[in-house]
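So that the names make sense, note that chain A is the first sequence line, chain B the second, and so on, each numbered from 1.
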Amino acid sequence: MDKRVRVRFAPSPTGGLHLGGMRTVLYNYLFAKKHGGDFVLRIEDTDQSRYVAGAEEYIFDCLKWAGLEPTESLLHGGNYGPYRQSERKDTYRKYAQQLVEGGHAYYAFDTPEELEKMRHDFRTEQNPSPQYDHSVRMKMRNSLTLDPGETKKLLEEGMRHVIRIKMPEHETIILNDLIRGEVSFDTSVVDDKVLLKADGMPTYHLAVVVDDHLMKISHAFRGEEWLPSAPVHILLWKNLFGLQEMPQWAHLPLILGPNGKLSKRDGAKYGFPVFAMNWTDPKTNELTEGFKEKGFLPEAFINLLALLGWNDGTEQEIFTKEELVEKFSIDRVHSGGAKFDYEKAKWFNHEWIKKSTVASLESVVRSLLNEQGITGINDAILEEVIELIKDRCTLLTDFYDQSYFFFRSPEKWDVDAVKPKWNEEKKEFFNVLMSKYANVQMWHTTQLEDVFKETAAALKIKPGELQLPFRIMLVGGKFGPPVFNIAEILGKDETITRMKKALTVF
RNA sequence: GGCCCGUUCGUCUAAGGGCUAGGACACCACCCUUUCACGGUGGUGAUACGAGUUCGAAUCUCGUACGGGCUACCA
């Protein structure tokens, strides 16, 4: 009997949502949709010292932009709330105590100073970072070393304490990972992790297990960095709810930057975004640029993210969200980490811009131009412009560079490009051309080109030598789509005005 | 240091014992284009190393090297 598929993503509200986090969201989303299940989002905010105001809203904004909204969260509602761990605080202690009673955990009263001392005293060259584990726990102040009466007394006095898991010695724990297959751990090398902190909040280890159980999670995907703590979670499942209830785990490979795990520093250093959307750290005021603001289409973002560690086995690389839902399978996810390649990311965006319809790009391009001070744009003209230039744009922001000259006549001209070959004959040609253009009935690319060539032939000048000056007259420089297309969109009056104006400078 | 994961062109990857190891990005050349792109054609370029199993290994096993992750009352 299969359980209903319920996957969850649990971000901590401590900053921007980076590529790795977004990919985890994506895989959760795809998997849930594919199996007609639920995509649950809960907020992991048990470390209140790291809580950053605005981060929760930011997370939801990113998911909305990417089109990966959860079916269940504090914003979307659901039957398994609260979806913020800090609001579930009371439920965790009960389970921690249950573990203590079963002999799988214990109270520890060690102060931070005592822990510091332990780490210092036990440090050797062979063991640079001693852990609170089976070899040292009997030398510390906890309910294993204190007699029961004293433990009880300390507890009643309200002595600050934590609850630690008691890792068994020499037990082999086997994880059956959906991506990696069997992974085994020896429990004696895992330390006695804190389960419940002195402030009453659970650590990730306890919270993830308790919440996954209470929220009936069937599949849990998370980054590979969690693999080493998997034995803790498995033991918790075993002792609390039974292994048969445990969700199926998948540890996703890391997304790497140029050196190691991708960090937001890498973005600033190498000039590419690492967050889905712009994130300004309220403490430092530091801005980290997002894919959205950099000019990525959400469809392209999802597409490139999905292919960072997954493929469907064919040579297809461009997928719509619907295709991804249909074709995604967790067991085809790679086990090796993937280095993020910004050039390839841009290629995906370019492909998506080419694939997009003019109508779908219109509002984005319009607001882009508005931001740059170009307003009052005619709909029909904007559509023609987009159609003409979209194949030339890799990022959405390129639309400005590729189109502003349609709406703003040049103030400066690249005269250096014209001068060396400029002469009276050419000047004469453009004067004749202006008067002929003034009489053109059908203002279309083909007619414009025909008239241009006829006039050139009549004056015995190669048309090729005239096209560059013409272009510079219309747009100011050596750029843009084919000249006659530009002239057509500009219209008769504007074209002639620009020619006249430029001729005074040439 | 210990534990865990990983390793196919520069990068993302395909090939799950059997053809000249395939594709994409990037790069280079040519074509198209008298701007720049797009596009088209072609090219350079990889199984980390060493053993073993096998008629046959990128693929299975072991070792080595290298890379990464974890080693907090952070997630």
Side-chain angles (χ1 to χ4, degrees), chain A residues 10-14 44-47 49-50 85 108 110-112 115 119 123-133 160-164 175 177 179-180 183-186 188-191 193-205 207-208 222-231 251 253-254 256 258-261 304 307-318 334-348 350-351 354 389-394 398 401-402 414 417 462-468 470-472 475 477-483 486:
Chain A
S12 48
T14 53
E44 220 129 83
D45 62 344
T46 52
D47 182 4
S49 65
R50 297 209 316 158
Q85 287 183 335
D110 316 275
T111 63
L115 289 175
R119 290 195 186 103
R123 183 177 300 145
T124 61
E125 218 157 88
Q126 265 67 45
N127 186 10
S129 46
Q131 306 191 93
Y132 201 121
D133 61 14
R160 275 180 78 82
H161 66 277
V162 301
I163 293 179
R164 284 180 182 272
L175 164 71
D177 190 275
I179 295 171
R180 283 150 224 280
V183 182
S184 63
F185 306 87
D186 181 348
S188 47
V189 297
V190 183
D191 62 331
K193 292 261 182 259
V194 170
L195 263 20
L196 198 75
K197 302 187 265 187
D199 63 0
M201 283 288 189
T203 57
Y204 172 83
H205 309 295
V208 74
R222 69 209 325 184
E224 191 187 348
E225 69 269 29
W226 288 106
L227 207 42
S229 54
H251 289 87
L254 261 16
L256 278 6
N259 338 282
K261 197 173 165 182
L304 73 91
L307 274 280
L308 216 48
W310 173 87
N311 71 83
D312 73 343
T314 71
E315 282 172 4
Q316 184 176 352
E317 296 205 81
I318 302 298
H334 255 261
S335 45
K339 197 176 285 184
F340 175 64
D341 180 358
Y342 187 45
E343 292 306 318
K344 182 104 187 206
K346 286 194 289 192
W347 174 79
F348 276 108
H350 191 191
E351 291 300 309
K354 286 193 285 180
I389 65 171
K390 74 188 178 95
D391 287 3
R392 319 164 74 88
C393 297
T394 298
D398 293 339
D401 287 337
Q402 294 291 343
D414 186 356
K462 285 182 196 156
E465 287 184 18
L466 296 161
Q467 283 196 26
L468 187 65
F470 187 39
R471 164 180 300 280
I472 292 175
V475 306
K478 294 190 277 187
F479 49 77
V483 242
I486 297 175

Taking only residues two or more places apart in sequence or in another chain, which ones pass side-chain contact (heavy atoms from CB on, under 4.5 Å) with A:A10?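 Per chain and number, A:A10 pairs via side-chain contact (heavy atoms from CB on, under 4.5 Å) with A:R42, A:E44.
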Set of residues satisfying side-chain contact (heavy atoms from CB on, under 4.5 Å) with respect to A:D341, sequence neighbours excluded: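 A:E343, A:K344.
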Using the test salt bridge (Lys or Arg N to Asp or Glu O under 4.0 Å), find all partners of [X] that sit at least two apart in sequence or belong to another chain.
{"X": "A:K354", "value": "A:E351"}
{"X": "A:R222", "value": "none"}
{"X": "A:D47", "value": "A:R50"}

Which atom pairs link the protein and nucleotides 3-10 of chain B when you take only N or O atoms and keep those under 3.5 Å?
| unit_1 | atom_1 | unit_2 | atom_2 | d |
| --- | --- | --- | --- | --- |
| B:C5 | O2' | A:R180 | NH1 | 2.5 |
| B:C5 | O2' | A:E224 | OE2 | 2.8 |

How would you list, by chain and number, every residue that makes a ring-ring contact (aromatic ring centres under 6.0 Å, His included) with [X], sequence neighbours excluded?
{"X": "A:H205", "answer": "A:H233"}
{"X": "A:W347", "answer": "none"}
{"X": "A:F348", "answer": "none"}

How many Å lie between CE on A:M201 and C1' on B:A75, as a whole number?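 Nearest whole value for this atom pair: 14 Å.
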Rounded distance (Å) that lies between atom P of B:U71 and atom CZ of A:R123: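 The distance from CZ of A:R123 to P of B:U71 comes to 16 Å, rounded to the nearest Å.
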With sequence neighbours excluded, what pairs up with A:D401 under the side chain to side chain donor-acceptor pair (under 3.5 Å) test?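 For A:D401 there are no side chain to side chain donor-acceptor pair (under 3.5 Å) partners, ignoring immediate neighbours.
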For A:E315 and A:D110, take the nucleotide of RNA chain B holding the closest heavy atom to each; which residue's nucleotide lies nearer the 5' end?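 Its nearest nucleotide lies further toward 5', so the answer is A:E315.
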Going from NZ on A:K339 to CG on A:N259, what distance comes out if it is rounded to the nearest 0.5 angstrom?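 If we round to the nearest 0.5 Å, A:K339:NZ and A:N259:CG are 8.0 Å apart.
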Write down the protein N/O and nucleotide N/O pairs, taken from nucleotides 39-43 of chain B, whose separation is under 3.5 Å; answer none if there are no such pairs.
| unit_1 | atom_1 | unit_2 | atom_2 | d |
| --- | --- | --- | --- | --- |
| B:G39 | OP1 | A:K354 | NZ | 2.7 |

For nucleotides 59-63 of chain B, list the nitrogen or oxygen atoms of the protein found under 3.5 Å from its nitrogen or oxygen atoms, one pair per line.
none

Base, sugar-phosphate alone, or nothing: which one does A:T124 contact when heavy atoms must sit under 4.0 Å apart?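 Touches nothing.
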Mind checking if A:G477 touches a base, just sugar-phosphate, or nothing, with heavy atoms under 4.0 Å?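 The residue A:G477 makes no contact with any strand.
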